[in-house]
Enquirer: 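Below are the structure tokens for one structure; questions will follow.
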Amino acid sequence: MTVKVLHPGLLTTIQDLGRYGSQKYGVIVSGAMDSYSLRVANLLVGNDEGEGALEITLFGTTLYFEKDSLIAITGGDLLTTINGENAPMWRPILIRKGSILKFKSAIKGCRAYLAFAGGISTPKVMESKSTYLRAGIGGFQGRALQKEDTFECGKLNDLNHSLVQQLENLNGHFTWAVNYSALINLKSSQTIRVLKGTEFNRFDSKSQQTLFNEPYTITTQADRMGYRLEGNTLALSEPFELLSESVTYGTIQVPPNGQPIILMADRQTTGGYPKIGQIISADLPSLAQLQPTSTIQFKEVTHEEAIMELLKKEKIIDEIKMAIHYKRIY
Amino acid sequence: MSNRNLRATIKPLGDSALIVQLGEGISPSIHELVSNLSTLLNDHPFEGFIESVPAYNNLTVYYNPIVVHRLQINRQTHYTPLTPFQKVSDFMGELVKQIGTNKFHNERVVTIPVLYGGKFGPDLEYVAKYHDLSIDEVIQIHSENDYLVYMIGFAPGFPFMGGLNEQIATPRKETPRLVIAPGSVGIAGKQTGVYSLETPGGWQIIGRTPLDLFLPTISPPTLLQAGDKIRFAPISPKEYDHYKGMKL
């Protein structure tokens, strides 16, 4: 099937679960900001959960379908319509040839994920379909989608086919939908759980308390690379020079101005600012759904709690996977 | 070399990575330990290992915490189950003890041709004036030493190199340039490096190489890797054009 871009929106890129294995060469990981929504979108259309899909930011993206297609929309609610009518989210949808799919504006969350049965036919670069904008590699010709771009979807597997067949007999979509509320949080003000960072003890005691007691606001300088925050200033107890070393998704680093920055999916591989904290993996997808001007309250947790949360969410994904197989059989 | 007394500090980088620190500061001997540990780990990975990234004096190990959580450990000495961090930390601690019994170090020497000064090296004159040297002296000093690539970071293929002669060590620019062309050779304090992509940057730019440092279609995707020895060779504009046309 062929999809044509009528309007690219604010920022629409192809993302999968990221480009691992090349960070030692300075090649960033990228990947979906909200990996849970990406995985569920793929599962809903019968794809491998790590297949490439579109990550659509805030508003404006409009697509034209030249053929009948099986799709699923997850993540933030961007008030999506098909030919002007509200499109259901978190369930498989059969979209008819000649339809226009439009993401109007974010009413909840920040990023929607659009998966296509069969995936997107774009070559992998270093084992990944994720777009790395600055290096101009991966995704759609290494860049964000533009007006008039067209792309193809891959061949359907058995699961894709059986979902399509069932939907042919229904009204184009199932009556059930995935309940995402235990997986991601789409509230505009959130508590985000944090492990102490490698340089936590280098900060003065007031700053150590401030991090967990005072709210921080995401500034408008927030993108796939990092969220700059605004709030009470954080300070080291005494200045010191840190040599550059690895940073990762969710690292909270503090530059000399004392305003923290959370590193996101398109972070650099290495950094030289002290790391006061690290967002737990289970909360990164929810963090990724926060828009600029949203507020964050950080909460300290232990490694035990971090892994328990991660396992809990992995169990939900497993249940969704099983349920979709079950729906296919009956 | 014996490392029976070698002590590593292992600290978590969140719930999916940890950093094995093998010393302080910048020195070739510590870097060799980092490099050996990296080779050992790649040759004997644990289940759930994703990748490792060397830096000046440490190695970051990325892992899948779900996979590691499910691993059965024989030596379960704790009353509470070990966290993935503890399991990987124990594994890396054991691996550190084996450093030095084998020599893995791969010594590659790479020559980087550089057209110094002119429009390709807009800060060469500043560096010369800063140290009260002639332009030719700066070029000679920069190109007579061998450098060690300690790590690749900042951008794909960007080498952080040590070994710069103090005589030409120069602080970063106060205001970074918004655009630096790929191939630009720069100095920042006692480091020298080469920009691999068009990016903003604050290093003092003294020349440019016609070679591509980031090669996304080949594996590995970079001209240089951590552990490489580098020598810069001054070239003429004519030679620059000659190299520039060549495809690897």
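Letters A, B, ... are given to chains in the order of the sequence lines, protein chains preceding strands, and every chain is numbered from 1. This is a predicted model, so every value here is computed, not measured.
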Enquirer: For B:E24, I'd like to know if atom CD has over 12 heavy atoms of other residues, nucleotides or ligands within 6.0 Å.
Expert: no
Enquirer: Check A:L310 against B:P65 and note the closest heavy-atom contact, atom names and distance.
Expert: CD2-CG, 3.3 Å
Enquirer: Please indicate whether B:F49 has more than 12 foreign heavy atoms, meaning atoms of other residues, nucleotides or ligands, lying under 6.0 Å from its CZ.
Expert: yes
Enquirer: Between B:A226, B:P12, B:S196, which has the largest tally of heavy atom pairs under 4.5 Å with chain A?
Expert: B:P12
Enquirer: Quick one: are B:I152 and A:K24 in side-chain contact, heavy atoms under 4.5 Å?
Expert: no
Enquirer: Heavy-atom distances under 4.5 Å only: say whether A:Y249 touches chain B with side chain, backbone, both or neither.
Expert: neither
Enquirer: Considering residues, nucleotides and ligands other than A:M308, do more than 12 of their heavy atoms fall under 6.0 Å from its CE?
Expert: no
Enquirer: Output the option from B:M151, B:Q225, B:E198 having the highest count of non-hydrogen pairs under 4.5 Å with chain A.
Expert: B:M151
Enquirer: Identify which part of A:I307 has an atom lying under 4.5 Å from any heavy atom of chain B, answering side chain, backbone, both or neither.
Expert: side chain
Enquirer: Please look at A:T302 and chain B and tell me whether the side chain, the backbone, both or neither of the residue comes under 4.5 angstrom of a heavy atom of that chain.
Expert: neither
Enquirer: Checking B:F85 against chain A: side chain, backbone, both or neither under 4.5 Å from a heavy atom?
Expert: side chain
Enquirer: Of the backbone (N, CA, C, O) and the side chain (C-beta and beyond), which part of B:A17 lies under 4.5 Å from a heavy atom of chain A, both, or neither?
Expert: neither
Enquirer: If you count heavy-atom pairs within less than 4.5 Å of chain B, which of A:L311, A:I28, A:I280 leads?
Expert: A:L311
Enquirer: Within a reach of under 6.0 Å around CD of A:E127, are more than 12 heavy atoms found that belong to other residues, nucleotides or ligands?
Expert: no
Enquirer: Evaluate whether atom CZ of A:R202 has more than 12 neighbouring non-hydrogen atoms of other residues, nucleotides or ligands under 6.0 angstrom away.
Expert: no
Enquirer: Report the distance from atom OG of A:S244 to atom OH of B:Y56, rounding to the nearest 0.5 Å.
Expert: 6.5 Å
Enquirer: Examine whether an atom of B:L13 lies under 4.5 Å from a heavy atom of chain A, and if so say whether it belongs to the side chain, the backbone or both; otherwise answer neither.
Expert: both
Enquirer: So what's closer than 4.5 Å to chain B heavy atoms on A:K196: side chain, backbone, both or neither?
Expert: neither
Enquirer: Using a 6.0 Å cut-off, check whether atom NZ of B:K11 has over 12 heavy atoms from anything other than its own residue.
Expert: yes
Enquirer: Closest heavy-atom contact between A:T248 and B:Y62?
Expert: OG1-CE2, 3.6 Å
Enquirer: Please classify the contact of A:E199 with chain B as side chain, backbone, both or neither, using a heavy-atom distance under 4.5 Å.
Expert: side chain
Enquirer: Counting only heavy atoms closer than 4.5 Å, note whether B:P159 contacts chain A via side chain, backbone, both or neither.
Expert: neither
Enquirer: Sort A:E245 into side chain, backbone, both or neither according to what part of it lies under 4.5 angstrom from a heavy atom of chain B.
Expert: both
Enquirer: Considering non-hydrogen atoms only, spot the tightest contact between B:G14 and A:L195 and give its length.
Expert: C-CD1, 3.7 Å
Enquirer: So, for B:I19 and A:S246, which heavy atoms are closest and what is the spacing to 0.1 Å?
Expert: CD1-O, 4.5 Å
Enquirer: Side chain, backbone, both or neither: which part of B:S38 has an atom under 4.5 Å from a heavy atom of chain A?
Expert: neither
Enquirer: Does A:S281 offer a backbone N or O that forms a donor-acceptor pair with the side chain of B:D15 under 3.5 Å?
Expert: yes
Enquirer: With the side chain counted from C-beta on, respond yes when A:Y25 and B:P156 share a heavy-atom pair under 4.5 Å apart, and no when they do not.
Expert: no
Enquirer: What is the distance from atom OG of B:S16 to atom CD of A:Q278, rounded to the nearest 0.5 Å?
Expert: 8.0 Å
Enquirer: Checking heavy atoms, do the side chain of A:V194, its backbone, both or neither come under 4.5 Å from chain B?
Expert: neither
Enquirer: Can you say whether B:N58 sits under 4.5 Å from chain A via the side chain, the backbone, both, or neither, judging by heavy atoms?
Expert: side chain
Enquirer: Using 0.5 Å steps for rounding, measure from the NE2 atom of A:H303 to the CG atom of B:L82.
Expert: 13.0 Å
Enquirer: Among B:L197, B:I66, B:I50, which residue has the highest count of heavy-atom pairs closer than 4.5 Å to chain A?
Expert: B:I66
Enquirer: Determine yes or no for a side-chain-to-main-chain donor-acceptor pair under 3.5 angstrom, with B:E51 supplying the side chain and A:S22 the backbone.
Expert: yes
Enquirer: Could you check B:V53 against A:T269 for side chain to side chain contact (heavy atoms under 4.5 Å, CB included), going step by step and ending with a plain yes or no?
Expert: CA-CA 9 Å; B:V53 182; A:T269 55; 5.6 Å; no
Enquirer: At a heavy-atom separation under 4.5 Å, does B:P84 approach chain A through its side chain, its backbone, both, or neither?
Expert: side chain
Enquirer: Need one label for B:Y150: side chain, backbone, both or neither, based on atoms under 4.5 Å from any heavy atom in chain A.
Expert: neither
Enquirer: Which atoms of A:I137 come close to chain B, meaning under 4.5 Å heavy atom to heavy atom: side chain ones, backbone ones, both, or neither?
Expert: side chain
